[in-house]
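To find a chain, count down the sequence lines: A is the first, B the second, and so on, and within it residues start at 1.
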Protein chains: 2
Amino acid sequence: MEKARSPFKTALQKQEEREEKRMALLHAAAEMFNAQGFHATSLDDVAASLGISKPTIYHYLGNKEQVLFECLTIGLDQLFTAADKARTEIGTGMDRLRIFLTNYFFINIDDFGRCVILSGDDTLSSEGVKNLRAMKRRVDTALRALIIEGIDDGSITAVDPKITAFTLAGAMAWPARWYSKSGPTPPDAMAAQIVDSLMMGLAPR
Amino acid sequence: MEKARSPFKTALQKQEEREEKRMALLHAAAEMFNAQGFHATSLDDVAASLGISKPTIYHYLGNKEQVLFECLTIGLDQLFTAADKARTEIGTGMDRLRIFLTNYFFINIDDFGRCVILSGDDTLSSEGVKNLRAMKRRVDTALRALIIEGIDDGSITAVDPKITAFTLAGAMAWPARWYSKSGPTPPDAMAAQIVDSLMMGLAPR
DNA sequence: TTTGTATATTACTCATTAGTAGATTGCAAT
DNA sequence: ATTGCAATCTACTAATGAGTAATATACAAA
């Protein structure tokens, strides 16, 4: 049974509304950063795209760098969560790697993931860059761990984990540049094709 | 025997001097675009880095977009030339692909090649984007041709040329983001490691 | 009823920077 | 000599855009 609709909001509801607005702002910002680049996007534009004014962004998110940093943090969190989850999955090391890479692809063609790939370190303060590097390193470490596990259990051929991690990351990052979800190949199909192609190269012979 | 040094320059010498200055300007611009991003780099900064003033850039190169476009054209020309040259080489298809990818790496960690990778299409006018797309397509076509030749002569295992070209391009582009020539691994060694790792995945089994 | 807090606005300031106008110097050809 | 062109500068303009101050409204708590 649902409670009668009341125009008076509880503290929780207000909290949720605020969070919803925050996320809407971040999504709008990430989308525009990705489409036009960080420096070519003005906060006035972002605000206008949601029908609000610039100071409102400052109210919810702070200055322009903080907006970007938040977008990057979300994207990297998604990647790290995906890696963590893949590592708990059952199956061979290669099975787990495949699961991770597939999700890596989906994240990378989404607003926040694309933001991580398209933004150079240059845009942030040295403090921000340090934090960002640390987060990226965590993802890279997780990726290498998956590769090593696969080598150890024999599901992946003997390769150099470091170089392999770099080439895999590069191959997965590239679609953020050109792939469009509204194109002829749907995301699942594209992910499958790319990941299959990479896995074939890693299969033991 | 050398001609006596004269302070009076011939037309040819002046032509050469002009060209040298043009290239110095382009190199300086590309370097700063790569380090800080196109929009975060002012032409005043570029000029200052060479001890000249901004109008001089306009004299040699035109407006800011033209400066970038010239950098991108040079980078893409280098890639296309490398592809063309690799295709005339003797050996199996895979041998030629290896040669191309190795040069691809060297170009990608150089000023103009990095510029191609780091610049989004967004910065240019629609006219410029169209030209750029065409140049990129030429490089992609050449890469696919190399892959197909390798499949045909049996030196490369049966793969989808389109998807493989994308993953190879991605893996080769990635180092432009993080590789530093002054780091612990010299360019030749890094190129060899990356290319070997990719070739292993393409070898027939 | 008053006071405080969250949300949002308008209307500014101030710095940066693309691009231009106009002057200057020097060299070369007429 | 003079005219013209190449290279370069100083000094502007005009626009853009980050960030802030001051204000208004609504609602909730005291």
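Nucleotide C:dC27 holds its P atom 19 Å from the CD atom of B:Gln15, rounded to whole Å. The CD atom of B:Glu65 sits 19 Å away from the P atom of C:dT17 (whole-angstrom rounding). We find that NZ of B:Lys64 is positioned 15 Å from P of D:dT16, with the value rounded to whole Å. At whole-Å resolution of the value, CG in A:Asn63 and C1' in D:dT20 are 13 Å apart. Taking atom CG of residue A:Leu68 and atom P of nucleotide D:dA18, one finds them 13 Å apart after rounding to whole Å. Note: CE (A:Met32) to P (D:dG17) measures 10 Å, nearest angstrom. The separation between B:Gln66 atom CD and C:dA18 atom P is 14 Å, rounded to whole Å. Atom-to-atom, NE2 of B:His59 to C1' of D:dT8 comes out at 8 Å; the value is rounded to the nearest Å.
Remark: B:Tyr60 is not in phosphate contact with D:dA6, judged by side-chain N or O atoms under 4.0 Å from OP1 or OP2. Residue B:Arg18 places at least one side-chain N or O closer than 4.0 Å to OP1 or OP2 of D:dA7.
Proximity of A:Glu65 to A:Ser125: side-chain heavy atoms (C-beta onward) are separated by under 4.5 Å at one or more points.
Remark: the backbone N or O of B:Arg137 is not paired with any side-chain donor or acceptor of B:Asp140 at under 3.5 angstrom.
Nearest heavy-atom pair across A:Ile57 and A:Leu43 is CD1-O, 3.5 Å.
Geometric assessment of B:Lys64 against the ring of B:Phe38 yields a positive cation-pi assignment under the 6.0 Å and 45° thresholds. For the pair A:Arg138 and A:Phe80, the cation-pi criterion (under 6.0 Å, within 45° of the ring axis) is fulfilled.
Aromatic rings from A:Phe166 and B:Trp178 are positioned such that their centres are separated by under 6.0 Å.
Sorted by first and then second residue, the salt bridge (charged side-chain N to carboxylate O under 4.0 Å, His left out) pairs involving residues 82-91 of chain A (not counting sequence neighbours) are A:Arg87-A:Glu149.
Sorted by residue number, the members of residues 39-58 of chain B with any non-hydrogen atom under 4.0 Å from DNA chain C read B:Thr41, B:Ser42, B:Leu43, B:Lys54, B:Pro55, B:Tyr58. Contacts between residues 19-28 of chain A and DNA chain D, defined by a heavy-atom separation below 4.0 Å, involve no residue at all.
Under the side-chain contact (heavy atoms from CB on, under 4.5 Å) test applied with B:Thr123, the options B:Val129, B:Leu72, B:Leu68 reduce to a single match, B:Leu68.
A distance of 9.0 Å separates CZ of A:Phe69 from CG of A:Leu76, quoted to the nearest 0.5 Å.
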